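Written out below as structure tokens is the structure these notes cover.
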Amino acid sequence: MEKIPLLVPLMPTTDQALPYFRQIDGNRHYTNFGPLSRELEQRIANDLSIPQAGVTTVSNCTVGLELALQARGLRAGANVLLPSLTFVATATAVSRVGLQPVIADIDEAGWSLTPAIARRAAELHRIDAVMPVATFGRPQDMAAWDDFERETGIPVIVDAAGAYGNQTAGSVADVVFSFHATKSFGAAEGGAVISPDAERIQHIRMLSNFGLDTRNGALTDLGTNGKMSEYHCALGLASFDMWERVKTDRRALYAGYMARLRSACPSLIFQEKPEDGVYPLMAVLLPQGRDATAVGSAVAANGVETRRWYTPALHQQPALRDCVVAGALDIATTLAGRIIGLPFFLGITDAQIDTVCSALARELDS
Ligand SMILES: *Cc1c(COP(=O)(O)O)cnc(C)c1O
């Protein structure tokens, strides 16, 4: 029986990256904000229509989130609100810079922490920062978060790890992207912090270089090593060379896949998000009463690999047991057991999508 994998990363080939690797050979500059990192930051800035001073590359999104939080100068133990339905890195980033995760519910349509949920949480708890998540590549409404930060004074940092290609920059709030191989825009490992505040970007850049002020060698803040190497930037630049095609292909794949799922499995529920998005994965919600583990094992009998994203939810994770919870987490709790990730990658064939849809349809009809 043919196995259909959940995900096959799309990265530039060695040949596609070779011209950039050769530049590194010539430059003999291997990391520490070399010419390729400058070029990558320029291309990111152009792509997002923001000034280059509003971008700094980082070794990965998790470190980017940590440094973006640290740069806000919050007191030790300050409360950071985040959604219950997210990858664990959103929470570990908060804890590892000495802040307290406060876990909030999500909205039923978008599966996200919204400004309305954050406003309600801030009435129940002291909230010192908010970290909304562009869950499953669904972009966060930056105008709404900019208003939230402007009105409440509470800093907002969006974890847009998997949303490069969909998420826009803020005019007040910050955004952090991942360039992990499994996301829509890959550099194997890497990421970028985007801020409208150029001074904050300079601070984050310094924090990603241990907190050293390179002009005088003074350690002005306690940072870490969060730099993106020139080799990783080379892969990012090669990813940009194929980005237009990848965007087109991912959009077409998502639209075609959704049409088939809708007709084959009418009881499935979908996250409300732009139909023309550039998505790295396909996560769907099973109808009430169905369990993602049971459905996952049933379709595995047809060779279909699935994944339970993100289960257990944050507030059910052993290491986060002592976290503060802001209000009831009813929606996150009911959705978490029913969200299932289906095979989704560039190169999946129509026949494979048909196999996924019919295996799922058979199981849902039973
Ligand atoms: C992938 C992901 C991360 C981690 O990104 P890295 O670049 O691997 O550190 C963080 N948050 C979310 C929501 C993610 O999907």
Side-chain angles (χ1 to χ4, degrees), residues 6-7 9-11 37 40 44 55-70 80-97 99 101 103-104 106 110-114 129-140 145 156-167 174-194 204 207-208 224-229 231-233 235-236 239 271 273 277-283 307-314 317 319-320 332 335-336 339 341 344-345:
L6 178 75
L7 194 151
L10 179 81
M11 284 287 298
S37 93
L40 180 60
I44 295 167
V55 185
T56 189
T57 48
V58 280
S59 51
N60 57 66
C61 174
T62 308
V63 162
L65 293 170
E66 291 181 19
L67 300 184
L69 278 165
Q70 192 180 347
V80 182
L81 192 70
L82 47 107
S84 171
L85 184 81
T86 180
F87 184 53
V88 294
T90 319
T92 64
V94 171
S95 295
R96 290 181 62 83
V97 291
L99 306 173
I103 299 175
I106 51 174
W111 310 353
S112 297
L113 166 58
T114 62
V130 183
M131 196 173 269
V133 177
T135 319
F136 303 134
R138 174 185 186 267
Q140 284 288 324
W145 283 115
V156 175
I157 297 150
V158 176
D159 175 351
Y164 195 82
N166 300 328
Q167 183 64 61
D174 300 338
V175 175
V176 186
F177 293 109
S178 170
F179 302 148
H180 190 261
T182 57
K183 313 290 183 181
S184 49
F185 182 94
E189 292 275 5
V193 183
I194 310 301
I204 292 167
L207 287 170
S208 75
T224 188
N225 182 353
K227 302 182 289 327
M228 188 169 172
S229 83
Y231 287 97
H232 289 94
C233 291
L235 293 170
S239 265
Q271 181 187 26
K273 60 184 175 188
V278 182
Y279 299 112
L281 45 79
M282 175 66 80
R307 176 89 44 94
R308 295 196 60 187
W309 279 306
Y310 297 105
T311 302
L314 281 190
Q317 292 284 3
L320 296 168
L335 262 56
I339 292 175
F344 186 85
F345 52 89

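Remember, it's a predicted structure, so these values are computed and weren't measured experimentally. First listed ligand is number 1; within each ligand, the first listed atom is number 1.
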From Asp159 CG over to Asp174 CG, what is the distance, rounded to the nearest 0.5 angstrom? 12.5 Å
Between CD of Gln271 and CG of Leu335, what distance do you get to the nearest 0.5 Å? 9.5 Å
Ignoring hydrogens and angles, state whether a donor on the side chain of His180 or Ser178 is under 3.5 Å from an acceptor on the partner side chain. no
Ligand 1 atoms in contact with [X] (distance to a heavy atom under 4.0 Å):
{"X": "Asn60", "value": "7 (O), 9 (O)"}
{"X": "Cys61", "value": "5 (O), 6 (P), 7 (O), 9 (O)"}
{"X": "Val133", "value": "13 (C)"}

Please check if the side chain of Thr86 supplies one atom and the backbone of Val133 the other of a donor-acceptor pair under 3.5 Å. no
Do Ile194 and Ile44 pass the side-chain contact (heavy atoms from CB on, under 4.5 Å) test, and can you show the C-alpha distance, the side-chain angles, and the key distance before you say yes or no? CA-CA 9 Å; Ile194 310 301; Ile44 295 167; 4.1 Å; yes
Would you check the N or O atoms of [X], main chain and side chain alike, for any that come under 3.5 Å of an N or O of ligand 1?
{"X": "His180", "result": "no"}
{"X": "Ser178", "result": "yes"}
{"X": "Thr86", "result": "no"}

So is Tyr310 close enough to ligand 1, meaning a heavy atom under 4.0 angstrom away? yes
Testing Phe344, Tyr279, Tyr310 one by one against Phe136 for a ring pair (Phe, Tyr, Trp, His ring centres under 6.0 Å), which residue passes? Tyr310
